[in-house]
*Asks:* 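Handing you this structure, nothing more for now.
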Amino acid sequence: MHHTKLTKPLAPFSRTDCKVLPIEAQSGHDFLPFHTPEIGAEEIQSVVETLQSGWLTTGEKVKRFEADFTEYVGCQHAVAVNSGTAALHLALDAVGIKEGDEVIVPTMTFTATAEVVLYFKARPVLVDCESATFNIDPGEVERKITPKTKAIIPVHMAGQSCNMDRIMEIARRNNLKVIEDAAHALPTRYNGKMIGTIGDVTCFSFYVTKPIATGEGGMAVTDNPEWAERMRIMSLHGISKDAWKRYTNEGSWFYEVHYPGFKYNLTDIAAALGIEQLKKCDRFWAARKQIAAAYDEGFAAVPEIHRPVCKPHSQHAWHLYVIQLDTAHLRIDRAEFMTALKDLGIGTSVHFIPLHLHPYYRETFGYKPADFPNASAAFERIVSLPIYPRMTELDVESVIGAVSKVVKQNRR
Ligand SMILES: Cc1ncc(COP(=O)(O)O)c(C=O)c1O
């Protein structure tokens with residue numbers, strides 16, 4: 001059954017109000033999904049208005065969403081596209097990645113981050129993560145640079161910023177471009193600076209589980225007007241400027257194809273969602289922050305659960321709350337732990353199965369688990385817990401209760 005009872009969504013909650021109840025008595029649901037998007041009346045109205053407007057695809061709503069996003073992040077240009085993957089692809093194209101180039105990518109990420117490098121017949125060079133944060137290890141980045149290296153794609157894991165000072169310094173010294181994968185990082189700050197204002201191009205995702213959601217969608221942001229223009233043109237078949245306007249009264253039937261581009265433009269229907277979601281982005285973040293704080297407190301007395309390590313340089317977006325199991329002190333492994341939580345009605349996930357463990361990357365590049373000791377070890381221990389604004393305080397308590405119960409029943 002779907003969880004429907006929302007006692008206090010988005011409202012500040014206090015742990016002292018919560019009583020630890022048996023799981024089945026909590027929240028009026030028998031399964032708490034790993035994620036549910038927070039869609040309110042504003043999003044619904046905005047989509048309905050768009051449907052009634054007579055204009056469904058890229059138009060004024062997309063332009064508005066881009067303008068709002070630019071202002072929110074504090075960057076110069078934003079190009080809306082239909083996925084985070086498309087944003088990464090266009091970013092690599094804009095900075096000039098070519099066949100035979102090498103691009104440094106963390107192994108601890110989703111395949112999209114590396115797959116876009118392969119679109120160019122370039123090589124994704126995988127790099128291990130730091131054991132504490134799971135973010136790309138700058139020392140390892142430096143070790144993997146060759147004369148063919150052209151770019152680095154740091155991924156801000158779970159919404160915590162990578163060490164951007166070191167990454168930018170390494171990149172500038174080696175004449176490399178930095179394309180940030182900020183799929184998890186809205187809003188994330190690094191030493192006070194918004195992610196989206198540091199690297200050469202930064203790519204966000206609005207996939208349904210992400211900090212703001214349009215179902216599918218993404219945004220590439222940059223301060224470089226030429227790259228922005230290139231990404232805009234390539235997102236719509238490589239045809240001339242303002243191609244989307246050709247069916248408006250300001251537009252013209254005439255267009256020219258300048259490059260073989262892609263079909264990556266965002267629809268106004270999706271942008272209608274995005275505009276309303278962006279307005280709530282800070283509130284969503286506050287709600288996730290509160291859940292993270294409750295988890296931190298709830299797991300403080302459970303030594304087998306290692307809580308996320310937060311670096312002082314980062315304002316964490318808390319897109320994910322990733323615990324590490326001290327498997328040496330448990331009688332069950334990570335997969336059994338997740339099954340036990342599922343049996344108690346709690347959906348969980350794993351971020352990520354490191355790329356070097358997947359058949360494609362393993363077989364194509366000959367990677368072995370020992371090549372990435374931190375990511376390989378982390379993979380055996382990580383579990384992502386539900387963390388999203390629709391969760392009620394009882395939902396949060398039910399997760400803490402279930403995790404604690406599974407640990408207690410399986411202590412070595
Ligand atoms: C780290 C990371 N990068 C890129 C993506 C791709 O985003 P999208 O699904 O919007 O293409 C995702 C998630 O889907 C992700 O988690």
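Start at 1 and go down the list; that is how both ligands and their atoms are numbered.
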*Asks:* Please check if the side chain of S205 supplies one atom and the backbone of A183 the other of a donor-acceptor pair under 3.5 Å.
*Replies:* no

*Asks:* Return yes if a side-chain donor-acceptor contact under 3.5 Å exists between Y72 and D282, otherwise no.
*Replies:* yes

*Asks:* Students should find this: residues with any non-hydrogen atom under 4.0 Å from ligand 1. What is the answer?
*Replies:* S83, G84, T85, T109, F110, A112, T113, V155, D181, A183, H184, S205, Y207, K210, G217, F352

*Asks:* Please name all residues satisfying salt bridge (Lys or Arg N to Asp or Glu O under 4.0 Å) with R331, sequence neighbours left out, ordered by chain then number.
*Replies:* none

*Asks:* Would you kindly say whether H89 and Y264 are connected by a side-chain donor-acceptor distance under 3.5 Å?
*Replies:* yes

*Asks:* Should the pair R288 and Y321 be classed as cation-pi, given the thresholds of under 6.0 Å to the six-membered ring centre and 45° from the axis?
*Replies:* no

*Asks:* Side chains of T85 and E115: any donor to acceptor distance under 3.5 Å?
*Replies:* no

